[in-house]
Amino acid sequence: MKRATSLVGLLSLAAVTALTLGACSSPASTSDDSTSGSKLKTNSLAAIQEAGVLTVGTEGTYKPFSYHEDGTGDLTGYDVEIITAVADKLGVDVKFEETQWDAIFAGLEAGRFDVIANQVSINDERTAKYDFSEPYTVSPGVIVVKDDNTDITSFADLAGKTTAQSLTSNWYELAQENGANVEAVEGWAQAVALLEQGRVDATVNDNLTFLDYEKQKGDTGLKIAAETDDPSLNAFVFTKGNTELQEAVDKALDELRADGTLAEISDKYFGSDVTQ
């Protein structure tokens with residue numbers, strides 16, 4: 001009898017243990033969903049307005065978009081001013097979290113900030129993972145030549161001409177596809193120096209890069225000879241499904257575009273309206 005009683009006791013203990021383990025394990029299977037929902041709730045429009053602060057991820061080292069003047073001054077820049085104006089429209093303060101580019105998307109996913117403001121281009125790969133505001137920067141690729149150059153007026157005219165390009169950029173591929181002889185350089189500074197010295201015929205780059213260069217240097221003796229038909233569209237980035245915040249930011253951008261604020265900020269940094 002004692003043996004039978006002990007066996008029943010062991011079976012009962014095993015059943016209780018199984019139930020306990022089952023109860024402990026069931027939340028684990030949904031932990032990812034609950035964590036994601038928690039982050040979304042924390043970064044929602046209602047939570048941001050209640051806290052009174054919009055937290056923004058940005059590099060802080062990306063002139064003229066997000067940088068410190070002379071390396072030590074207050075954070076400033078084109079993106080900084082636009083997202084600050086958006087926050088004003090939302091009725092909240094803005095707090096910047098400076099983050100290296102390689103970690104900026106991970107920071108958004110982890111809930112460290114509510115939005116990324118760092119000239120992020122919209123593409124298929126990113127839209128599959130994140131939500132975007134409407135674009136606040138529209139920038140085509142351009143061919144830059146000397147003012148007196150009349151030989152190059154289209155991308156087809158690059159055939160047989162020499163351009164200066166970084167080998168790791170998509171502009172190198174574009175120049176090569178159009179038949180240019182490409183001289184490898186490390187970046188824009190080297191490319192534009194060769195162009196100004198007359199050692200190359202042209203360079204292909206982003207329109208914003210050229211406008212920023214002219215804004216800083218004044219009359220450079222250079223001009224845009226042609227531009228691409230498919231401009232880069234840059235926008236603010238949100239976690240997937242954060243629809244109310246995205247729509248509120250879009251509404252703010254529409255109002256800032258209508259009252260001329262976006263054009264004013266753009267002219268300050270680029271001498272031109274690159275917001276549409």
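Position 1 is the first residue of the sequence, and the numbers go up from there.
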Any side-chain hydrogen bond (donor to acceptor under 3.5 Å, both in side chains) pairs touching residues 115-126, not counting sequence neighbours?
-> T58-N118, E59-N118, D79-Q119, Q119-T137, Q119-N234, S121-S232, S121-N234
Sidechain-backbone polar pair: [X] side chain, [Y] backbone, donor-acceptor under 3.5 Å:
X: S266; Y: V274; value: yes
X: D157; Y: T153; value: yes
X: T228; Y: P231; value: no

Does the separation of the ring centres of [X] and [Y] fall below 6.0 angstrom?
X: Y136; Y: F236; result: yes
X: F238; Y: F132; result: no
X: Y62; Y: F65; result: yes

Residues [X], [Y]: salt bridge by 4.0 Å N-O rule:
X: K240; Y: D131; result: yes
X: E255; Y: R257; result: no
X: K146; Y: E196; result: no

Within residues 148-186 or reaching into it, pairs that qualify as ring-ring contact (aromatic ring centres under 6.0 Å, His included) - sequence neighbours excluded =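 Residue pairs passing ring-ring contact (aromatic ring centres under 6.0 Å, His included), neighbours aside: none found.
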Do you know which two heavy atoms are closest between [X] and [Y], and how far apart they sit?
X: E244; Y: L45; result: O-CD2, 3.9 Å
X: S133; Y: L253; result: OG-CD1, 4.0 Å
X: F270; Y: P64; result: CE2-CG, 3.8 Å

Can you check side chain to side chain contact (heavy atoms under 4.5 Å, CB included) on T239 and Y130, steps first, answer last?
-> CA-CA 5 Å; T239 50; Y130 309 100; 5.8 Å; no
Gap between atom CG of L54 and atom NZ of K89 - 0.5 Å precision |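 Going from the NZ atom of K89 to the CG atom of L54 covers 15.5 Å.
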Say you draw a straight line from CD1 of I82 to OG of S66; how long is it, rounded to the nearest 0.5 Å?
-> 12.0 Å
Please test T220 against E214 for side-chain hydrogen bond (donor to acceptor under 3.5 Å, both in side chains), starting from the C-alpha separation and ending with a verdict.
-> CA-CA 6 Å; T220 60; E214 284 224 312; 3.0 Å; yes
Check whether any side-chain heavy atom of D254 lies under 4.5 Å from a side-chain heavy atom of E134, and answer yes or no.
->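 D254 reaches E134 side chain to side chain.
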Distance only, no hydrogens: is a donor on one side chain within 3.5 Å (strictly under) of an acceptor on the other, for S139 and N207?
-> no
Side-chain donor-acceptor pair present, T76, D74, cut-off under 3.5 Å = no
Stepwise side-chain hydrogen bond (donor to acceptor under 3.5 Å, both in side chains) test for T275 and Y78 | CA-CA 11 Å; T275 65; Y78 172 76; 5.6 Å; no
